[in-house]
Protein chains: 2
Amino acid sequence: MSETDVPVALPESANDPQASVYEMIREDIISARLQPNARLKVADLATAYGTSTNPVREALQQLRGEGFVVMEPNRGARVVAIDEDFVRDIIEIEMLIEPALTRWFVTIAADTDIADLEASQAEIEALNFADPRQHGELDTRFHQLIYDRHYNRHAAELWWKHREILRAISRRFPTSLSRRQAVLREHRELIEAIRAQDADRAASVVARHVEGSGRHIIEQMGVAKRNGARRSGG
Amino acid sequence: MSETDVPVALPESANDPQASVYEMIREDIISARLQPNARLKVADLATAYGTSTNPVREALQQLRGEGFVVMEPNRGARVVAIDEDFVRDIIEIEMLIEPALTRWFVTIAADTDIADLEASQAEIEALNFADPRQHGELDTRFHQLIYDRHYNRHAAELWWKHREILRAISRRFPTSLSRRQAVLREHRELIEAIRAQDADRAASVVARHVEGSGRHIIEQMGVAKRNGARRSGG
DNA sequence: AACGAATGGATCATACATTATTTTGTAATT
DNA sequence: AATTACAAAATAATGTATGATCCATTCGTT
């Protein structure tokens, strides 16, 4: 058997009969049920997800366009390696884009917008990280309130794409206590800066927020990797 | 017939028998042979490009991932409108990314790198915009010397994707004399800043370069649109 | 206007053909 | 015996063809 030729680790996110093949494969990549560098054989996937090969082929193309899958001509598809570099790359791009999107929001934010942000933040604080998955959704919604308002749909969609990847990765790891505190603090600080119409401050808070998020994810990935290596005998 | 239901304007970029369906459709979208908002019917495309439907469907998924095509469930694909907003969106993102990539290059550039840049610039000046297409290639190569060195492959690939779109659009329009001068001037200035290890200056030159490029494209698009409207009776 | 049939076309399911890659087996060479 | 070279077989990607099903729009009727 070759290098990382994962032995058909039956994916089985095929619970939701509503989900498309694309969504299921994507979910399985993100949740690491389909491991990094695993070969994605069309026929295997088709049987695993209970469809024909046609939808699988299209799903793989789509996933390639979104960066979840890499393909070589005549050699098929593989799961992209979501490693520290991958996260760092995305975070660096977000550290450029999110502050820019935030600046625009500061210039157009009305009282109702700020009220929405506060309501969203209140939900986050009420949940208090009890459910990682739900926290991820609330946190995403908080930032979405800011970025969805931007006229640059390309940039907003780029954020969304990156966000979904990062959220999915984060879901696999616990959030440290210090990171929890930082998240809440930075959110409050961001709302303050927006209320004060201080674009520079808002932008710098966001940059710090994104960087901290990335740093935390990468640290957690390192922890997981070390643990994984230790128990990889089973 | 519905709104923009382009009447099967036989694409026919099917000259190159080597090119994949994906490449041909992409080329036809970029060169506006497939017009904005045109419906992309799988069966039509298959016959037009001389393939079966399967490769077409896969190509469309890929193009969707790259933003050339928009799809609605059960309603198929359409060519995305490459209008002023589209260009502005991309340019704004590039105005964030390219300066950042450039800063890194300044920190690692060796004498040979600068020599490469100068050689590339010499080629550009020798051609002196005689062939728009070739100029586009040389100009792309010039910037590629800088960006390909970056460790952030995601960012570099994002640049490349955007670059190809912009280059293709530019090819449709002439370059004004003032823009030609600005391009040459800014390239030289960039080389100077890199040689002087002045990251700030290099970054600001690049930002200006990108912005000017976008402004020029958008102006030319406006000219073309007005001309097109006038002769749209034929 | 409301409703149901007819249509066009996307999407999905199969089956098969073709081609490129990888593996495997065998023989020749060192 | 180990290594290299190469042919044959297996594997899997890619392309073709065809029919079924589902969805959205159009059209005719009430």
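Here is the naming used below: chain letters follow the sequence lines, and residue numbers restart at 1 for every chain. A quick note: this is a predicted structure, and the numbers were derived from the prediction, not measured.
- Distance check, rounded to the nearest 0.5 Å: OH of B/Y147 to OG1 of B/T140 gives 11.0 Å.
- The separation between A/M71 atom CE and C/dA20 atom P is 17 Å, rounded to whole Å.
- Note on A/R167 versus A/E164: salt bridge recorded, some NZ/NE/NH1/NH2 to OD/OE distance being below 4.0 Å.
- Residue pairs meeting the salt bridge (charged side-chain N to carboxylate O under 4.0 Å, His left out) criterion with at least one member in residues 141-153 of chain A, sequence neighbours excluded: A/D113-A/R149, A/D148-A/R153.
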### Task
Tell me, with the steps shown, if B/E58 and B/R64 meet salt bridge (Lys or Arg N to Asp or Glu O under 4.0 Å).
CA-CA 10 Å; B/E58 282 161 33; B/R64 170 167 90 151; over 6 Å; no
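- Residues B/H154 and A/F86 place their aromatic rings such that the two centres sit under 6.0 Å apart.
- The stretch residues 51-60 of chain B touches DNA chain D through B/T51, B/S52, B/N54, B/P55, each having a heavy atom under 4.0 angstrom from the strand.
- Taking atom CG on A/L45 and atom P on D/dT11, their separation rounds to 18 Å, with Å as the unit.
- A/R163 and A/D139 are joined by a salt bridge, as a carboxylate oxygen and a charged side-chain nitrogen come within less than 4.0 angstrom of each other.
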Find every protein N or O atom lying less than 3.5 Å from an N or O atom of nucleotides 22-25 of chain D, and list the pairs.
residue : atom : partner : partner atom : Å
D/dT25  : OP1  : B/R75   : NH1          : 3.3
D/dT25  : OP1  : B/R75   : NH2          : 3.1

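- Relative ring orientation between B/H209 and B/H143 is described as tilted, the plane-to-plane angle lying within the 30° to 60° band.
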I'd like a list of close polar pairs between nucleotides 8-10 of chain D and the protein, N/O only, cut-off under 3.5 Å.
none

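- Looking at residues two or more places apart in sequence or on another chain, you find a side chain to side chain donor-acceptor pair (under 3.5 Å) between B/E118 and B/R195.
- Two rings, from A/F105 and A/H150, have their centers 6.0 Å or more apart.
- Comparing atom distances between the B/R39 side chain and each of D/dA13, D/dT14, C/dG9 picks out C/dG9 as nearest.
- Contacts of A/E211 classified as side chain to side chain donor-acceptor pair (under 3.5 Å), with partners at least two apart in sequence or in another chain: A/R215.
- Atom P of nucleotide C/dT11 and atom CG of B/L40 are separated by 12 Å, given to the nearest angstrom.
- Between the side chain of A/N37 and the main chain of A/A81, no donor-acceptor pair closer than 3.5 Å is present.
- Rounded to an integer number of Å, the gap from A/E72 CD to D/dT11 P is 21 Å.
- One atom, OH of B/Y49, and another, P of D/dG15, lie 16 Å apart when rounded to the nearest Å.
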